[in-house]
**Student:** 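Just passing along the structure, written as structure tokens.
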Amino acid sequence: MLRYLASRLMQGAVVILLVSIGTFSMMHFIPGDPVDLMVGEAQVTQEQLDMIRRKWGLDRPVHEQYLAWASNMARGDFGQSVIRTGVPVRTMIGEAAVVTAKLNLLAFFISIAIALPMGIAAAVRRYSGFDYAIMVSSTLGLALPNFWIGLMLIVLFSLLLGWLPPFGLPSWKGYIMPVAVIVANQTALLARMMRASTIEGMGEDYVRTARAKGLVERVVVSRHVVRNALLPVVTVIGYRISFLLSGTIVIENVFALPGLGQLFIESVNRVDYQVVQAIVLLLSVLVVLGNLITDMFYGYIDPRIRIG
Amino acid sequence: MSQPATVIPAPYRRSEFTRAWRRFRRYRPGLFGLCFILALVVMAAIPDLLSPHSHTQIFRGMRGAPPSWSHPLGFDHIGRDMLSRTIWGSRVALIVGLLATGISVAVGVTIGAASGYLGGRADATLSRLVDTLMAFPVLVLLITLSAVLGPSLVTVVVIIGVTGWAQYARVVRAEVLSLREREFSLAARAAGAGDARIIFRHILPNVMGPVIVLASLGIGGIIILESALSFLGLGVQPPTASWGGMLSDGRGFILIYPQIAIAPGVMISLTVLAFNLMGDGLRDALDPRQHDASLDR
Amino acid sequence: MSRERDLDQVLRELSPSTRREFLKRAAAMGITAAAAQAMIIKNPTIVTAGPSAKRGGTIRILSHQEVASLSPDDIGPTMQWNMITQIHNALVEVNDNFVIERVLASNYLASKDGLLYTFTLRQGVKFHDGSDFTAADVKYTFEYHMNPDNATIQGVLFKAVDKVETPDKYTVVVKMKEPNAAFLRQAATVFIVPARYHGRIGEKAYKAAPIGTGPFKLKEWRPAEFTVVEAFDQHFRGRPNADFFRQDVVPDPSVRAIALRTGTSDSSAWPLLSEDNLRFEAEPGYTVFRTSSLAVNHFPLNNDHPILSDKRVRQAMMHAIDRQRMIDDVFRGTAVIAHSIFPPALQYWYEKGVKQYPYSPDRARALLEEAGWRMGPGGVRVKDGTRLSFTCAVITGDRARRPQAEIAQQDLAGVGIEMRIVERPVATILSQLPKGELDASLFNWTYNAGGGEPDPSATLRVGAARNFSRFKNQRVEELLPAGLREVDPAKRKKIYSEVQKIVAEEVPFLHIMYWDWFIIFGRRIKGLPTSTQSGSTLIRDAYKWWIE
């Protein structure tokens, strides 16, 4: 077991290293750097731009820049953004990640609370009107682009009704619309999944046995089916752990939320290497850990899966 | 060469298809999905015959003009006929959806089959790759790649295709793992069949059911991904009409000219809905074990 | 003129709100607004709380992008400048009518030869930490920019400066190596930082924790979210009326419009969609300032490109593009056609007699024929086997300008030119264009030095960092340095007229239009000026506003 853990961690380290090299070289394939943006329309000479580049180490060869970055990173120094020059990247990411994580966790718990009962009920009454309604509305939840839902909500609740702030997070009210959009999407996903795995579970032998024993259907479902049906759902959640920090890029854009997604896309467009690299690195660490934990958890729950 | 006993004779295959079709038909929404997609294919095949105007012609002074008899969906933000653009947009949606899915399926099935069949080291490495790719936020990857390569139709298809194969690989690997040990494979092996023959002749046909289901569900996701990319300015380039791009254009005018965003928004939603419903129907028909593999992300 | 002196007297006694009344009456009397404005500026009274002004409250404005730094060296992006200018002051500042105002300097003297500037500083000015503002702070700030090791962005403005001396605590003498006509409007308007504080914590830390003499001091800064500054009680012009001034980051223009409409915000510092701008303008209760932008909306073209290097091709494109239609169709008429690289708003320097390019596809075709481009297959012209085709890189996600590119694409196709459109990140475009690695692009850029200073050296000289079109013209190379050395405005005007004429003839880039710049204020905000010629400096005077 320990050996397995060690080898998995080693593999994870290799993955992270590869991802970081990949990101670094991709970012440097993008022509241009943030200095031009930082300077804006100020009156500058080429000589001066070169001087500024030198100050930020952007004139050094790419591999040197990578090594400098990686060794800083290993020491826990995330470096310095060339756009937001007075703020360490670590602070930038920290601030943004809190916003994104809050949104996602809130949405996540609400979705679970709605989706699981919905999915089970739909599975139990398969092919009923209720099932159709759940399936169609959940399919719709996946089919509607979330920025579209977001805009419609803004029109309705901010413009027409004037109930909610149209942007930002001035108070708890600011969370309502973005969270609602994520919930719509997540609920759809989880409900479908729960329905599917419940249906699968209901076909299993031990369920038939339980039924044959004369147990009430409600008890059969709650005791035998649901418990096993949750397993794949949990797995998926584990695998998606990195989405907690990246799943809302588009939503953050619509509602002008200063989250990690917004920071990421802006930094890509500004070719702000340090920030992009740090975010991707953070995500890949999450991915590796999330996978590892899920696999271990899965192996623990379901001994049919061999570990190693 | 002896014919392995497990190969399904042709007549039986047809009745398998008939039975699947009957099962599929039972799920009404799936039938609706199929019909809608057929209509869409026609639209994408002959947009020039169906659309009343040119999709690139700019009508002077008609920015955001509301629907009229000759322009039933109104005009976009620079004065182009929305109906024509919506019809032409189906082409990009289908091209991106189908081609990208095609690439994903091809890569995914190959890698999944290899991984499951070979086992050992190769399997471990490939599985790790699949796990990582699946857990890695696709949009992050797409945004970075698109910034590097410069957005275009080709880039969008290729990067979505190349990054989206992991789920197919995972499903195929799992199927192969279980099928490899099943009686018919063992029988085939005993009968002297080689690896390739076993994979292509015996295992893959059995895997195709779940893959088709997964793919039909995946297309919807890809169409949304394309629209998200366009929304972020990283999609198909003008003057090509794409629903995602139109929606992105319309987004800025949602309060003044809602029709610009409504038509493509409705089309994306309906198309994705149709593919998903058809996928659900197909799953009922082809994959009776009801594992909703599309959700293993 | 006796009548003028009378008005002078009257003006001095008027409060801001009655001054507006006065201006209206002056207009009725047949005095042009500009003349009346000039009179007010001639007598800079320290205006804060008029009798009707109310204290308290938070003024909220909207930005379209983040405030990445609060250091005076990072004033490039307008939205950053909005906040930095609340916190800092300069010796002199250029007001929204391009007039130089004395701020931290109570007086200044320029020697005739342009080699010596003497600033007398205002006394009793405090920094936010309570320390006194003295000549040492000015000397420190100027010398910080002059030191090449610091690699500051504004360092270039001090290139002509030889020495900064402080004969006493409230006098600063700047000695120049050579005359520089832009000195007052550029270097002297650099914001002053407190020597001791900045020296102690360094530029990097200062970006997040600035201390100035401005009317507001920093309260909270969340770069991507909002920036709040708080009234500084000891500000030398008096405490601002509002308690807080806050700028929120809202990228989406339609969302900004909603915020303005619902009263969540008081102003959008960055324009909305043309339709929204016009709607607010028509609605009573909103104060709307409509000025002409200083930046030209243009397609930079690579003048070294094998096809685009031919002047006739560039001129043909000017004729081929229906600019009025672009203005009407994309901007609802809220722009004016650009004829020169200087905007009409730069009244004194603007040259009307430049070559113009009316919309005429026929002339475009004739020019292309003359240049040897014959109609080829697919409606694209061909010469020696080369197709008349190039690629225009628009900024990723630029929803305001991409429609323009699409219209130009159609117009150019009409005369046999193929323009492909691709999207590229803005950082890529800005750095690739001057190197000649892109064919063309589309964005707005200021081809003068801002603040009423005309010098376009940073954009038109060979090898300049911002020469996006790789323009090279021998005559312009001679004229521009001469223009900077010349301190007599009338002689300078001739130089820049010639520059404008040359550029209009050569069309290194397709100059399309000057946007009307809208700044909209909601119902609550009072104390705004009656008119302005430049919207960008309007926000600076937030300390004069009050909330009702």
Side-chain angles (χ1 to χ4, degrees), chain A residues 8 11-12 15 19 23 26-27 29-30 127 132 135-136 139-140 142-148 151-152 154-155 159 189-190 192-193 195-197 199-200 203 232 235-236 239-243 245-247 249-250 253-254 261 264-265 268-269 271 276 279-280 283-284 286-288 290-291 295, chain B residues 26-29 124-125 128-129 131-137 139-141 143-149 217 220-221 223-224 227-228 231-234 244 247-248 250-251 254-255 258 261-262 264-265 268-277 280 283 288-297:
Chain A
R8 277 295 296 263
Q11 288 170 357
V15 167
V19 168
T23 321
M26 277 204 310
M27 284 308 288
F29 270 125
I30 306 179
Y127 298 132
Y132 276 153
M135 281 311 280
V136 170
T139 315
L140 212 58
L142 291 176
L144 293 173
N146 43 21
F147 46 88
W148 156 269
L151 284 167
M152 291 300 158
I154 291 182
V155 172
L159 185 74
L189 188 76
L190 290 174
R192 286 169 65 92
M193 197 154 49
R195 172 183 178 274
S197 65
I199 289 173
E200 191 175 352
T235 320
V236 170
Y239 277 124
R240 285 173 65 95
I241 206 155
S242 67
F243 284 76
L245 289 181
S246 66
I249 293 179
V250 187
N253 191 286
V254 171
F264 175 76
I265 183 141
V268 169
N269 280 333
V271 208
V276 174
I279 293 179
V280 174
L283 290 177
S284 49
L286 272 181
V287 166
V288 167
N291 279 2
D295 286 354
Chain B
R26 211 172 51 181
Y27 186 62
R28 281 287 154 74
T125 312
R128 199 55 59 232
L129 184 66
D131 286 353
T132 312
L133 203 58
M134 270 187 95
F136 203 83
L139 205 52
V140 168
L141 208 59
I143 289 169
T144 320
L145 277 173
S146 181
V148 176
L149 300 173
L217 291 168
I223 290 173
I224 291 211
S227 78
F231 184 76
L232 298 170
L234 300 167
L247 199 48
S248 157
R251 168 212 190 193
I254 190 80
L255 303 175
I262 286 176
I268 294 176
S269 307
L270 283 178
T271 307
V272 176
L273 192 64
F275 275 109
N276 284 3
L277 292 176
D280 285 342
R283 184 176 49 237
R289 278 166 310 131
Q290 281 303 320
H291 179 62
D292 195 343
S294 72
L295 303 163
D296 283 356
R297 291 186 199 176

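Every chain is numbered from 1, with letters handed out A, B, ... down the list of sequences. All values below were derived from every heavy atom in this structure, side-chain atoms included, with hydrogens, water molecules and symmetry-related copies excluded.
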**Student:** Identify the two heavy atoms, one from L144(A) and one from S269(B), that lie closest to each other, and give their separation to 0.1 Å.
**Tutor:** CD2-OG, 2.9 Å
**Student:** Who passes ring pair (Phe, Tyr, Trp, His ring centres under 6.0 Å) against Y132(A), sequence neighbours left out?
**Tutor:** Y27(B)
**Student:** Against chain A, work out which of L141(B), T144(B), T125(B) has the most heavy-atom pairs shorter than 4.5 Å and name it.
**Tutor:** T144(B)
**Student:** Tell me which of these, N276(B), I223(B), L129(B), has more heavy-atom pairs under 4.5 Å with chain A than the rest.
**Tutor:** N276(B)
**Student:** Could I get the full list of side-chain contact (heavy atoms from CB on, under 4.5 Å) partners for V268(A), not counting sequence neighbours?
**Tutor:** F264(A), V276(A), I143(B), A147(B)
**Student:** Can you find a heavy atom in the side chain of V19(A) that is under 4.5 Å from one in the side chain of L283(A)?
**Tutor:** no
**Student:** Please flag which part of V15(A) lies under 4.5 Å from any non-hydrogen atom of chain B: side chain, backbone, both or neither.
**Tutor:** side chain
